[in-house]
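Convention: sequence-line order gives letters A, B, ...; per-chain numbering from 1. Computed from a predicted structure; not experimentally measured.
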Amino acid sequence: MELLGPYDSKNVEDKIYKLWEDSGFFNPDNLPKRHRKPFSIVLPPPNVTGVLHMGSALMVTVEDIMIRFERMRGKKTLWIPGTDHAAIATETKFLKEKKLSRNDFNGKREEFFKLVDQFATENRDVMLNQMRKMGASLDWSRLAYTLDEKRTKAVKGAFLRMHSAGLIYAGERVINWDTKGQTTVSDVEIDHETQKATLYTFKYSKDFPIAIATTRPETKVGDTAVAVNPSDERYQQYIGQTFNVEFAGVTLNIKVIADKEVDPAFGTGALGVTPAHSLIDADMAMRNNLPSIQVINEFGKMNDKAGALVAGKKTLEAREIIVNYLKEHNLIEKEEIIDQNIAKSSRSGGIIEPLPKRHQFFINVNKPIKERGNKTLKELMREVIVKKKIDILPERFEKIYLNWVENLRDWNISRQIWYGHAIPDAWYKGEEVKISAEKPGEDWQRIEDTLDTWFSSGLWTFSTLGWPEKTADLKMFHPTSVVESGYDILTFWISRMILMSQFLLGDVPFKTVYLHGLVRDEQNRKISKSLGNNIDPLDMISQYGADAVRMAMIIGTSVGNDSKISQEKFKAYKNFANKIWNASKFVQMNTQDFDPKAKIKLSADQKKNLKELEKLAKETTKLMDGFKFYIAGENMYHYFWHTFCDKIIEESKSALASPEPSVKAGTQYMLLEILSTSLKLMHPFMPFITEEIWQQMGNKSLLMIEEWPA
RNA sequence: GGGCGCUUAGCUCAGUGGCUAGAGCAUCCCGUUUACACCGGGGAGGUCAGGGGUUCGAAUCCCUUAGCGCCCACCA
């Protein structure tokens, strides 16, 4: 009997974790025979250079609850750990911490790659240990990294298959250029900020017949057309005509075109078309066969084609110069202040400048795929939700997802950074691009871009199981049962996994998506480094114990909703852990002499207690099945404290003192029964303390693999 | 501009047609001989944002108003 003093998590947790790890039961291959049906989850791979924060603590808690619950229920449970190389984020962090720039490496990419890799690995081990502290029952023998050898093979296989199916194409396109990060980014990596901007209405020159409106006059030196709505009567006479105009030191060749995308009600109803620096204009130029003139370079400065007046200037300076030019020449008709969205890179914060770039790889989401019933990726992504092959919890995110898929455009997967997967077998000669294992010819050169990091994480559910090899793991554990993540990466990650799995495997990557909310501080602020309001889960673990941290994370957080976390909450569940400890101590002290073979007599109330417990177990199971862990946990808390401790234990005190042996033995039986069943029911939530007590009760087996009581 | 959601006790939140609307924390009163003061017993505290409707019955379903929040978007 060792349950002395108040519960001290520090003496228990590391010891218990080692006990579990040594048992081998985190690995489904080692589980006893009764564990047959698979249940699998892939851990959303955190950035390799990250640290465990409140969001990851919540993620680990929810997933470990599911895994432990299903393991006890007899499933063959696999929870795969791993980390994400997070290309841009890691490269940026490395350069910043080492106070280096890519130029310092003089093009020595391999050397650079090695150093970043090493940097990443050091960080990784720290973070993985943090997950152990949380009690995560991850199968460490299957640890994966999005940039390790096996995953590289998967990436290459996926890329080549998509390319040969015609789903990946390359070419010169107007892309989102991050002027700070010096790379292209995809549509989802852009944030829009509303700003006040001046909308200028003006003519290129006095002899040009149509006035146009823009908030970016500096781009107008790259105009090749003016577009009007085909039904706009004001401009009918000019459609099809071409004008040569002198504008701010350059000669523009402006064709007047009709395009239905133009809103006749906005501005003058006429749009100056700048094919090189606007995505919508680029589309319009493609439809109307217009030339494109790049006037802004990759550093956000005007180039030589922009004319002597502004060449070499930053875009904002150039804007002033052009506006002055317009004023001097009396060309401005109207100036008004409007709200405008400006695009910024969500990673670097740099302004996004649309500009044309060669050799860019895209995933075509609108191409019918022969081997998938002529459906497009977009249709496949939509179908799995509509046909309920995948459930998203909470359901409202299905609408958000579908809405996003509707608006989906081709995905630019090229990145101009070094740390990441090289685009496999990619070569260029001038504008030409070829995918070939061998160098296609003398004049061909390697395309040195890397892939968007989400390309590799999109493969995660099956690349971690050995794909493209036909492994036993893949057969057993894919599709995975549940994917659990924050709703903020629904479009980045969840959607890409669906895309990849649908095409490459013709199957869903998971059956259920469980989305958790953001963890916020007491003032309802997002937890972020810049606010300095981060609560370190490790601090909380050392103050309150991992079980208390897990309870604090899960209770009061319903699926898909943000939650608030505060010190009081951790404290409350630390008290609960102590309550469990003391109640167990009481039971043990009073059942030392219990003989399992003794004749027992139960009072009507005691029988009722056992019935109630049975009911609670059934309800808990139902709630867990419905992913309502927060309610299940709260119910257990309430039952254990206010029913078992406050009522049942109190009432048992007199019965334990009964002179009638069968009454005493009956009471002992009941107490032991309720305690051990409670420990089982609470184990997914509070694994350390329940296992510790289970062990101290003299059980030979691990609570972790005990049979679930309902 | 399009879409989604939230508003329930002082605070954080549960509760998707049915007993008198719940929990945790906080608060107030009482209580220290042996499981636990990291405790026990008791109490106060809510026109479920406002209005309208459906229903035998509404926090829950529908409409509407207000406030707050999120996502998407190439009105230049």
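A salt bridge does not link A/Lys628 to A/Glu619: none of the charged side-chain nitrogens sits closer than 4.0 Å to a carboxylate oxygen. Under the 4.0 Å criterion applied to side-chain N and carboxylate O atoms, A/Lys647 and A/Glu650 are not assigned as salt-bridge partners. Between A/Arg173 and A/Asp410 there is no salt bridge, since no side-chain nitrogen of the basic residue lies less than 4.0 Å from a carboxylate oxygen of the acidic one. One finds no salt bridge joining A/Glu172 and A/Lys357 here, because no Lys/Arg side-chain nitrogen approaches an Asp/Glu carboxylate oxygen to under 4.0 Å. Ion pair A/Asp178/A/Arg347 not flagged as a salt bridge, since none of the NZ, NE, NH1 or NH2 atoms sits closer than 4.0 Å to an Asp/Glu carboxylate oxygen. Using a 4.0 Å cut-off between a side-chain N of Lys or Arg and a carboxylate O of Asp or Glu, A/Lys10 and A/Asp8 do not qualify as a salt bridge. In this structure, A/Lys378 does not pair ionically with A/Glu406, as no charged nitrogen and carboxylate oxygen lie closer than 4.0 Å.
The closest donor-acceptor contact from the side chain of A/Thr179 to the backbone of A/Gly350 lies at 3.5 Å or more, if one exists at all. Remark: side-chain polar atoms of A/Asn590 are paired, donor with acceptor, to backbone N or O of A/Phe586 under 3.5 angstrom.
Where pairing requires Watson-Crick or G-U contacts shorter than 3.5 Å, the helical stems of RNA chain B with at least three consecutive pairs are B:1-7 with B:66-72, B:10-13 with B:22-25, B:27-31 with B:39-43, B:49-53 with B:61-65.
Nucleotide B/G3 holds its P atom 19 Å from the CG atom of A/Leu490, rounded to whole Å. In this structure, the NZ atom of A/Lys628 is 16 Å from the C1' atom of B/A23, given to the nearest Å. Residue A/Leu402 contributes atom CG, which lies 15 Å from atom P of B/C72 at whole-angstrom precision. As a whole-Å value, the separation of A/Glu193 CD from B/C71 C1' is 16 Å. Rounded to an integer number of Å, the gap from CZ of A/Arg396 to P of B/C6 is 6 Å. For A/Ile631 and B/G24, the CD1 to C1' distance is 14 Å, given to the nearest whole Å. Here B/C72 presents its P atom at 14 Å from CE of A/Met381, a figure rounded to the nearest Å. Rounded to an integer number of Å, the gap from A/Tyr639 OH to B/G24 P is 17 Å.
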Please table the atom pairs, donor to acceptor, closer than 3.5 Å between any side-chain atom in residues 539-546 of chain A and protein atoms at least two apart or in another chain.
{"from": "A/Ser542", "atom 1": "OG", "to": "A/Asp539", "atom 2": "O", "distance (Å)": "3.1"}
{"from": "A/Tyr544", "atom 1": "OH", "to": "A/Gln567", "atom 2": "OE1", "distance (Å)": "2.9"}

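Here the closest non-hydrogen pair linking A/Ala227 and A/Met284 is CB-SD, 3.7 Å.
Taking the C1' atom of each, B/A23 and B/A9 are spaced 11 Å apart, rounded to whole Å. B/G52 and B/G18 are spaced 23 Å apart, taking the P atom of each and rounding to whole Å. A gap of 15 Å separates the C1' atoms of B/U20 and B/C48, to the nearest Å. Annotation: B/U55 and B/U60 have their C1' atoms spaced 13 Å apart (nearest Å). Taking atom P on both B/C19 and B/A58, the two are 12 Å apart, rounded to the nearest angstrom. Of the C1' atoms belonging to B/C63 and B/A76, the separation is 38 Å, rounded to the nearest Å. Taking atom P on both B/G5 and B/G15, the two are 15 Å apart, rounded to the nearest angstrom. If you take atom C1' in B/U32 and the same atom in B/C13, they sit 34 Å apart, rounded to whole Å.
Under the salt bridge (charged side-chain N to carboxylate O under 4.0 Å, His left out) criterion, A/Asp625 pairs with A/Arg73, sequence neighbours left out.
Side-chain rings of A/Phe208 and A/Phe247 stay apart, their centers remaining 6.0 Å or farther from each other. Aromatic pair A/Phe644/A/Phe640: ring centres closer than 6.0 Å.
Distances from the side chain of A/Tyr630 to the nucleotides B/G2, B/A35, B/A14 place B/A14 closest. Counting only heavy atoms from C-beta on, A/Ile649 has its side chain closest to B/A35 among B/G15, B/G5, B/A35.
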*Would you give a per-nucleotide map of nucleotides 37-46 of chain B, 5' to 3', where B means the base has a protein non-hydrogen atom under 4.0 Å away, S means only the sugar-phosphate does, and - means neither?*
-BSSS-----
Any N/O pairs under 3.5 Å between the protein and nucleotides 68-70 of chain B? List them or say none.
none

Every protein N/O within reach of nucleotides 73-76 of chain B N/O, cut-off under 3.5 Å:
{"from": "B/A73", "atom 1": "N6", "to": "A/Asn341", "atom 2": "ND2", "distance (Å)": "2.9"}
{"from": "B/A73", "atom 1": "N1", "to": "A/Asn341", "atom 2": "ND2", "distance (Å)": "3.1"}
{"from": "B/C74", "atom 1": "OP1", "to": "A/Arg409", "atom 2": "NH2", "distance (Å)": "3.4"}
{"from": "B/C75", "atom 1": "O2", "to": "A/Asp263", "atom 2": "OD2", "distance (Å)": "3.0"}
{"from": "B/A76", "atom 1": "N6", "to": "A/Asp263", "atom 2": "O", "distance (Å)": "2.8"}
{"from": "B/A76", "atom 1": "N6", "to": "A/Phe266", "atom 2": "O", "distance (Å)": "3.1"}
{"from": "B/A76", "atom 1": "N1", "to": "A/Asp263", "atom 2": "N", "distance (Å)": "3.3"}

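Comparing A/Tyr573 and A/Val587 by the nucleotide of RNA chain B that holds the closest heavy atom to each, the one mapping nearer the 5' end is A/Tyr573.
To the nearest 0.5 Å, atom CD1 of residue A/Ile674 and atom CG of residue A/Leu616 are 10.0 Å apart.
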